[in-house]
Amino acid sequence: MSAFETVIYEKLNNVAHVTLNRPRALNAYNIRMRDELYEILGAIRDDDEVRVTILKGAGEKAFCAGADLTEFLTAPPPVFARQARFERDIWGLFTGIQKPFIAALHGYVLGSGIEMSLCCDIRLCSDNARFGLPEVTLAIIPAAGGSQTLPRTVGRSNALDVLLTGRWLNAKEAKRMKLVNRVLPVRELYAEAERLAHRIKDCDPRAVTCAKQAITRGLDMSLEEGLSLEKTLGRLLINSSSG
Ligand code: COA
């Protein structure tokens with residue numbers, strides 16, 4: 001089903017499987033991958049058959065070792081590569097999709113790798129996972145939304161601790177920080193991601209997207225606005241099922 005060079009896209013029983021597929025470069029995120037992911041995310045958003053998506057990385061060593069450093073080193077570094085990334089709002093597209101995403105993370109989860117996982121709703125990792133946002137050590141800051149999605153996930157001080165130092169976390173620390181929901185033995189990682197995906201896709205798809213909206217949009221609102229959003233979405237669901 002997949003016609004892409006850097007990503008494998010498969011659809012099976014209402015579950016989309018997106019696999020970053022540059023294992024020889026530890027699935028580093030390059031411009032080609034950005035363009036292919038952009039296309040795939042648009043398809044996921046628009047395809048009613050897709051109810052939930054699992055995002056993972058090919059090969060044994062990494063989910064994703066961050067932005068492709070060979071592109072960073074092309075002149076004029078690193079502005080050119082960054083400019084190309086800003087041209088398509090892939091992260092706006094990703095975080096705007098109301099269907100759930102599950103990230104299954106193993107090995108190196110660095111830079112854009114963490115950031116991609118932060119665009120997902122549930123993060124599972126294997127016990128060999130290692131996380132890091134080394135951008136400041138490269139004289140840049142995250143550009144895939146990480147400076148915003150990380151503090152919203154792990155809180156301000158944890159986010160600053162990771163971002164200002166570039167230090168790495170192992171799976172246990174990532175779990176303690178609530179960066180991941182669950183740590184699993186490597187051999188159980190994908191089976192657990194599939195179990196979760198199937199649980200979600202067997203629920204009412206409209207209720208699932210409304211629940212995701214209520215939480216993700218509500219978190220950026222006051223409690224009063226959030227409660228109003230909940231009421232609106234609840235009514236929408238009832239009206240659509242009775243109409
Ligand atoms: N961009 C491009 N290529 C990368 C890459 C990246 N971010 N990360 C790894 N690779 C490539 C390596 O160049 C190497 O290619 P080669 O076999 O052609 O030489 C291959 O992936 C395997 O990596 P290697 O460094 O040999 O594996 P390792 O297990 O010794 O080390 C890391 C793994 C992740 C510690 C190391 O690759 C690394 O530090 N990568 C850069 C991480 C980074 O700074 N990312 C940017 C975040 S903004």
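Below, all heavy atoms of this structure are taken into account, side chains as well, without hydrogens, waters or symmetry copies. As the structure lists them, so they are numbered: ligands from 1, and atoms in each ligand from 1.
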Enquirer: With a 4.0 Å heavy-atom cut-off (strictly under), which part of Ala65 contacts ligand 1: side chain, backbone, both or neither?
Expert: both
Enquirer: For Asn14 and Val50, indicate whether the former's side chain and the latter's backbone hold a donor-acceptor pair under 3.5 Å.
Expert: no
Enquirer: Are Thr70 and Asp68 close enough that a side-chain donor and a side-chain acceptor fall under 3.5 Å?
Expert: yes
Enquirer: For residues Leu105 and Trp91: do they belong to one hydrophobic cluster (side chain heavy atoms under 4.5 Å, members Ile, Leu, Val, Met, Phe, Trp, Tyr)?
Expert: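 Same cluster.
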Enquirer: Could you work out, for atom 4 (C) of ligand 1, the closest of Pro142, Ser112, Ala25, Ala144 by heavy-atom distance?
Expert: Ala25
Enquirer: For ligand 1, which atoms have a heavy atom of Ala67 less than 4.0 angstrom away?
Expert: 1 (N), 6 (C), 7 (N), 46 (C)
Enquirer: Give the single entry among Leu26, Asp68, Leu138 that approaches atom 23 (O) of ligand 1 most closely by any heavy atom.
Expert: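 Looking at heavy atoms only, Leu26 sits closest to atom 23 (O) of ligand 1.
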Enquirer: With rounding to the nearest 0.5 Å, note down the distance linking OG1 in Thr6 to CZ in Arg32.
Expert: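 So the gap between those two atoms works out to 7.0 Å.
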Enquirer: Could you tell me whether Ala28 and ligand 1 have an N or O pair separated by under 3.5 Å?
Expert: no
Enquirer: N/O to N/O below 3.5 Å, does that happen between Lys61 and ligand 1?
Expert: yes
Enquirer: Considering only heavy atoms of Arg24, which atoms of ligand 1 have at least one such atom less than 4.0 Å away?
Expert: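 Those qualifying, in numeric order: 20 (C), 21 (O).
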Enquirer: Is the shortest side-chain N to carboxylate O distance from Asp202 to Arg51 below 4.0 Å?
Expert: no
Enquirer: If you look at every heavy atom in Ile200 and Pro100, which pair is closest and at what distance?
Expert: CG2-CG, 3.7 Å
Enquirer: Would you say Leu69 has any N or O atom under 3.5 Å from an N or O of ligand 1, going by distance alone?
Expert: yes
Enquirer: Any N or O of Leu110 that comes nearer than 3.5 Å to an N or O of ligand 1?
Expert: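 Leu110 vs ligand 1: no N/O contact under 3.5 Å.
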Enquirer: Are Lys212 and Phe101 close enough that some pair of their side-chain heavy atoms sits under 4.5 Å apart?
Expert: yes
